[in-house]
Number of protein chains: 2
Amino acid sequence: MSAAPVPARRARRHDPGRRDRLVATTLDVIAEQGVAAATHRAIARAADVPLGSLTYHFDSLTELLAAAFTRHVDTVAERFDERMRAAPDRTAALGALVEHLTGDLLGSHRDLVLAVELYVAAARNPALRAVTQEWMSRSRRSLERHLDPGTAREVDALVEGLVLHSALSTDPMDADQIRSALLRLAG
Amino acid sequence: MSAAPVPARRARRHDPGRRDRLVATTLDVIAEQGVAAATHRAIARAADVPLGSLTYHFDSLTELLAAAFTRHVDTVAERFDERMRAAPDRTAALGALVEHLTGDLLGSHRDLVLAVELYVAAARNPALRAVTQEWMSRSRRSLERHLDPGTAREVDALVEGLVLHSALSTDPMDADQIRSALLRLAG
DNA sequence: GCCTGATGTGTACGGTTGTTCCTATGAGCA
DNA sequence: TGCTCATAGGAACAACCGTACACATCAGGC
């Protein structure tokens with residue numbers, strides 16, 4: 001009779017697409033708590049999956065982080081290229097750039113934080129450096145739809161600086177200041 | 001006869017100023033390996049002191065990091081204010097600013113890395129945020145010796161962005177580009 | 001309907017971390 | 001000279017980490 005103390009194993013859950021969901025959850029954890037806090041256990045808890053599930057789907061934590069950042073870069077880079085493709089001329093492109101900065105990026109604290117976490121993690125992690133390289137080269141290519149390579153390079157650098165400043169500064173510039181700075185530089 | 005296996009305790013070393021040396025060593029470790037790697041043990045090894053010595057001199061690791069970053073900020077902020085004090089007029093001040101950026105900061109990879117490690121650590125650590133606040137307000141005050149508050153603010157933001165970009169980008173701007181960008185903005 | 005391999009689950013292991021604590025020492029003062 | 005307390009030294013603790021692994025389950029091809 002005595003019910004043997006059954007280990008109460010959680011019912012197995014059929015969960016196709018769990019791999020994708022793990023990538024998404026990883027981005028959430030990074031955005032909310034930083035790369036340093038993005039441990040296997042923290043991600044597993046956030047995604048409500050057992051610990052072992054992470055190493056089943058991803059060979060290592062680094063690989064998971066790389067997959068997550070790659071997805072984020074894909075999203076942002078694609079959105080930016082759309083804006084550049086839609087701009088008919090150089091002036092419109094600069095306007096779209098300002099819009100991208102003040103609207104897309106600065107409007108979303110999440111995207112901002114993710115960008116910085118990536119930059120910094122990449123500074124010490126070769127696997128992530130490849131992701132930032134790819135990002136930079138994509139956005140450079142988008143800019144070159146309308147700007148000569150030299151200017152594209154300068155603008156790209158300024159944008160990167162502005163993004164970092166906006167994310168980290170305790171007292172970031174507002175949209176108007178950014179607009180005026182950008183136009184003074186490349187207008 | 002049998003020599004009792006004496007624990008071979010290291011000779012006690014009289015070491016006045018060890019506290020200061022620990023702060024300096026902490027900065028070295030951060031510069032070389034990043035905040036994430038700046039553990040009690042790593043610092044103790046680098047300073048060649050026993051582990052317990054760290055928590056004797058500093059109540060916690062965070063307190064040690066804050067002490068280290070505070071020292072670094074003092075050094076850099078003082079050097080910058082000297083340059084601003086020495087400049088006779090606005091034009092000279094802008095020149096000195098460019099010199100500070102391209103010479104002092106970008107010339108020293110160490111200072112650059114320390115600045116970024118501080119920015120990023122501060123983003124998630126309130127104790128360090130106070131240090132960055134102090135830094136920003138000091139450099140703002142130095143700039144206001146020659147610039148109106150509005151421009152000082154903009155320049156400060158751009159400088160911060162440039163520093164971050166220089167440290168993190170895989171393809172940083174060179175001194176000439178920075179000079180031209182700065183002068184276009186505030187010249 | 002059965003088999004099987006892909007997927008899900010729980011646990012364990014060795015290593016590292018921040019911090020605590022007890023003991024030892026000797027510089028400086030009474 | 002002798003005392004004492006700030007400092008030095010070493011070991012231990014519990015918590016957490018990435019990763020490996022053994023086992024359970026079940027969807028999908030036969």
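Residue numbers begin at 1 in each chain, while the letters A, B, ... track the order of the sequences.
Of the residues in residues 116-130 of chain B, none has a non-hydrogen atom less than 4.0 angstrom from any atom of DNA chain C. DNA chain C lies under 4.0 Å from at least one heavy atom of each of the following residues of residues 21-45 of chain B: B:Thr39, B:His40, B:Arg41.
In this structure, A:Leu64 atom CG and D:dT19 atom C1' are separated by 14 Å, rounded to whole Å. Taking atom CG of B:Leu65 as the reference point, atom P of C:dT19 lies 10 Å away to the nearest angstrom. Here the P atom of nucleotide D:dC26 and the CG atom of A:Asp15 are 14 Å apart, to the nearest Å. D:dA8 atom C1' lies 11 Å from atom NE2 of B:His14, rounded to whole Å.
Of the residues B:Leu101, B:Thr102, B:Leu94, the one that meets the side chain to side chain contact (heavy atoms under 4.5 Å, CB included) test with B:Val98 is B:Thr102.
Contacts classified as ring pair (Phe, Tyr, Trp, His ring centres under 6.0 Å) and involving residues 162-187 of chain B (residues at least two apart or in different chains) are not found. Applying the ring pair (Phe, Tyr, Trp, His ring centres under 6.0 Å) test to residues at least two apart or on different chains, the pairs with a partner in residues 49-103 of chain B are B:Phe80-B:His100.
A chain of hydrophobic side-chain contacts below 4.5 Å, direct or via other Ile, Leu, Val, Met, Phe, Trp or Tyr residues, connects A:Leu114 to A:Leu128. Placement of B:Met136 and B:Val76 in two distinct hydrophobic clusters is found when ILVMFWY residues are connected by side-chain heavy-atom separations under 4.5 Å, directly or transitively.
Listed nucleotides C:dT9, C:dT19, D:dT19 differ in distance to B:Ser60; the shortest reach to its side chain belongs to C:dT19. Listed nucleotides: C:dT19, C:dT9, D:dG9. Nearest to the side chain of B:Pro50: D:dG9. Listed nucleotides: D:dG18, C:dT19, C:dT9. Nearest to the side chain of A:Leu61: D:dG18.
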Polar atom pairs between nucleotides 2-6 of chain D and protein, under 3.5 Å, N or O only, would you list them?
none

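The side-chain heavy atoms of B:Val159 and B:Ser139, taken from C-beta on, include no pair separated by under 4.5 Å. A:Leu118 places a side-chain heavy atom less than 4.5 Å from the side chain of A:Trp135. Residues B:Thr70 and B:Val23 have side chains not in contact (no heavy-atom distance under 4.5 Å, counting atoms from C-beta outward). Side-chain contact between B:Glu32 and B:Val113 is absent, with no heavy atoms from C-beta onward closer than 4.5 Å.
Residues B:Arg21 and B:Ala47 approach most closely at NH1-O, 2.9 Å, considering heavy atoms. When all heavy atoms of B:Ala127 and B:Val131 are compared, the pair lying nearest together is O-CG2, 3.9 Å. Residues A:Val29 and A:Ala37 share a closest heavy-atom pair of CG1-O, 4.2 Å.
Neither OP1 nor OP2 of D:dT7 sits under 4.0 Å from any side-chain N or O of B:Arg19. When the side-chain nitrogen and oxygen atoms of A:Arg18 are compared with OP1 and OP2 of C:dA6, none of them lie within a distance under 4.0 Å.
Take the nearest nucleotide of DNA chain C for B:Thr62 and for A:His57: the residue whose nucleotide is more 5' is A:His57. For the pair A:Ser53 and B:Leu51, nearest-nucleotide mapping onto DNA chain C gives the more 5' position to A:Ser53.
Between the axis at the start and the axis at the end of the helix from C:dG1-D:dC30 to C:dA30-D:dT1 there is an angle of 0°, using five pairs per end and rounding to 10 degrees.
Residue contacts shown for B:Leu54 are absent, as no nucleic acid heavy atom lies under 4.0 Å away.
Salt-bridge check for B:Arg138 with B:Asp74: passed, with a basic side-chain N closer than 4.0 Å to an acidic carboxylate O. With respect to the salt-bridge test (charged N to carboxylate O, under 4.0 angstrom), the residues A:Arg141 and A:Asp81 do not qualify.
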